2 protein chains.
Amino acid sequence: MLQAGADIDRSETLTERQQAVLDAALRLLVEEGDNLTMTAVARRASCSKETLYKWFGDRDGLLTATVQWQASKVRVAAVDREKLDLVSLTASLERFASDWLKVISSDTSIALNRVAVGHAGSGKDDLGAVVLQNGRFALARRLKPVLEAGRQAGLLDFEDAETAFRTFFGLVGRDVQIRLLLGDRVELTEATIGGDARRATQQFLALFGATNRLKSL
Amino acid sequence: MLQAGADIDRSETLTERQQAVLDAALRLLVEEGDNLTMTAVARRASCSKETLYKWFGDRDGLLTATVQWQASKVRVAAVDREKLDLVSLTASLERFASDWLKVISSDTSIALNRVAVGHAGSGKDDLGAVVLQNGRFALARRLKPVLEAGRQAGLLDFEDAETAFRTFFGLVGRDVQIRLLLGDRVELTEATIGGDARRATQQFLALFGATNRLKSL
DNA sequence: CCCATGGCGTACCGTACGTTACGGTTCGGC
DNA sequence: GCCGAACCGTAACGTACGGTACGCCATGGG
C-alpha cells in the first residue's frame with residue numbers, strides 16, 4: 001500500500017525564499033517536463049546550484065519538494081455539512097466534480113502527474129504516492145463524508161462508500177485524465193466542465209439515489 | 001487533434017529478426033522503464049547497436065517501433081453482430097469491460113503508458129498519440145457499433161454514441177488506470193475483474209437501457 | 001571596522017549514454 | 001572457393017547533466 005505521511009504539510013518548514021525557488025521549479029516543470037536541469041532551475045530561481053543541493057539534497061529531493069509544495073497549495077476547504085437536502089447534496093456533488101475536472105485539466109496538474117507517472121516505474125522516489133495522496137485519495141477523503149451524510153439523510157443508498165466514490169470518480173473523470181496525460185487536446189472550457197459536472201452528478205444520483213433501486217451491484 | 005495513420009500495421013514490413021529484437025526491447029521496457037539504454041537492448045536482443053540504428057534510426061525510433069509492434073499484437077477480433085437481444089448485448093459489454101480491465105492492468109500496458117505519458121510532455125515523438133490510437137480510441141471504434149446496434153434493436157437509448165461510450169469507459173476504468181500508472185498496487189484478480197465488468201455493465205444499462213429514462217443528460 | 005555566514009555565479013569533474021566507426025564472422029550467390 | 005552484404009561485438013567519441021569546489025559579495029553582529 002501507499003506510505004503514510006506522504007502528505008505532510010511542508011509549508012511550515014520552508015522559508016519564503018525556498019518557496020520562491022520551488023515556485024520557479026514548478027513553473028519550469030510545467031514548461032519543460034521531466035527533462036528540466038538543475039542549472040535551469042538555478043538560473044530561473046536566481047540561485048546557485050550549491051544552494052539547491054544544500055536545501056534539497058539532490059535532484060529527486062528537489063522534485064519531491066516541488067510536488068509536495070504544490071500539493072500543500074491546493075488544500076481546499078471542505079464542504080459545510082449543516083443543511084442537507086437533495087438540492088444541497090446535488091450542489092455539493094456538482095461542485096466536487098467541477099473542481100476536480102478543473103484540477104486535472106490544469107497545466108500544473110498534468111505536468112506533475114506526468115513526472116510522477118514517469119518516476120513510478122523505477123522506485124527511486126515516491127512521487128507517485130505523493131500525487132495519489134494529494135489527488136485521488138484526498139478527493140475521496142473530502143467526498144466520503146458528504147456521501148455518508150447523504151445516506152444518513154436517506155438521500156443516497158449504497159453499501160460501501162468506497163465503491164460509491166469510485167463510481168462517482170469514474171463518471172466525472174471518464175477518459176479525460178488519461179487523454180490529457182497522453183497529450184490529447186481535450187477541449188475543456190468552463191461551460192463543458194459545468195455540463196460534465198451536472199451530467200455526472202445526475203448519473204450518480206440515478207444510480208445511487210434512494211428513490212431508484214439497483215440492488216444488483 | 002491526433003495524427004491519422006498512427007496505427008498503421010507495421011507487422012508486414014518487419015522481418016522475423018526485427019520482431020524478435022522489438023520483443024526483447026519490449027521486455028526490457030517493462031523491466032527498466034524509460035531508462036533503458038541502447039546497449040542494454042542490443043545485449044538483450046543479441047544484436048549490435050549499429051543494427052539498431054540502421055533499422056530504427058535513433059532511440060525514439062526504436063521506442064515508437066516497439067510501441068507500434070506491441071499495438072499490432074493486441075488487435076482483437078470484433079464481436080459478431082448476428083443475434084442481438086438483451087442477454088447477448090450484456091454479454092458483449094461485459095466482455096469488453098473485462099478485456100479492457102485486463103489490458104490496462106497488464107504489465108506491458110502499464111509500462112507502455114508510462115513511457116508514452118512521460119514523452120507526451122516534450123513533443124519529440126508521438127508515443128502518446130500511438131498509445132491513444134491503439135488504446136482508448138481503438139476501444140471506442142470496436143465498441144460503438146455494438147452500442148449503435150443496441151440502439152437499433154431498441155435496447156439502448158442515447159443521443160450520442162461518443163458520450164455513451166465515454167460513460168461506459170468511466171464506469172469500467174474508474175480510478176484503476178491512474179492508480180496503476182502512479183504505482184499504486186491495485187489488487188486485480190480474475191474474480192474482481194469479472195465482478196467489476198458485471199457491475200459496470202449493469203450500471204451502464206441502468207443509465208442507458210431503453211426501459212429507464214434519464215433524459216436530463 | 002572586522003569577520004563570519006549565507007548565498008550567488010561559475011568553472012570544473014566524473015560519468016552515463018546516445019551515436020558512430022571499425023574489425024571480425026557468417027552466409028547466400030556466382 | 002571467392003565476394004559482397006548483412007550483422008555481431010566492442011571500442012571510441014561527444015555531449016549533456018548531476019554533483020562539487022571555489023571566489024566573490026552582502027549583511028549583520030561584535
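Convention: sequence-line order gives letters A, B, ...; per-chain numbering from 1. Here the structure is a predicted model, which is why all the values come from computation and not from measurement.
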What I want to find out is whether A:D196 reaches A:R174 closely enough, with some N-O distance under 4.0 Å, to be called a salt bridge.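 Looking at A:R174 together with A:D196, the answer is yes, because their closest N to O distance falls below 4.0 Å.
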
A:R44 with A:E31: basic N within carboxylate O range, under 4.0 Å: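 Here A:R44 pairs with A:E31 in a salt bridge, since their nearest N and O are under 4.0 Å apart.
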
Specify the separation, in whole Å, of atom [atom1] of [X] and atom [atom2] of [N].
X	N	atom1	atom2	result
A:K54	D:dA21	NZ	C1'	13 Å
A:Y53	D:dA21	OH	C1'	13 Å
B:E50	D:dA11	CD	C1'	13 Å
A:L62	D:dG19	CG	C1'	13 Å

Passes salt bridge (charged side-chain N to carboxylate O under 4.0 Å, His left out), A:E32 versus A:R114? Steps please. CA-CA 11 Å; A:E32 303 280 335; A:R114 286 220 178 107; over 6 Å; no

Quick check on DNA chain D: between B:K49 and A:S48, whose nearest nucleotide comes earlier from the 5' end?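 Result: B:K49.
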
Do A:R59 and A:Y53 have side chains that approach each other closer than 4.5 Å (heavy atoms only, starting at C-beta)?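 Answer no - side chains too far apart.
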
Near DNA chain D, which residues from residues 25-43 of chain B have a heavy atom under 4.0 Å away?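 Contacts with DNA chain D under 4.0 Å: none.
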
[X]: side-chain contact (heavy atoms from CB on, under 4.5 Å) partners, not counting sequence neighbours:
X	value
B:I193	B:S98, B:L101, B:K102, B:S105, B:L188
B:E50	B:S48
A:T90	A:L86, A:E94, A:T201, A:Q202, A:L205

Partners meeting salt bridge (Lys or Arg N to Asp or Glu O under 4.0 Å) with B:D60 (sequence neighbours left out):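 With neighbours one apart ignored, the set is B:K124.
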
Between which nucleotides of DNA chain C, 5' to 3', does chain B make heavy-atom contacts below 4.0 Å?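 The footprint of chain B covers C:dG18 to C:dC22.
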
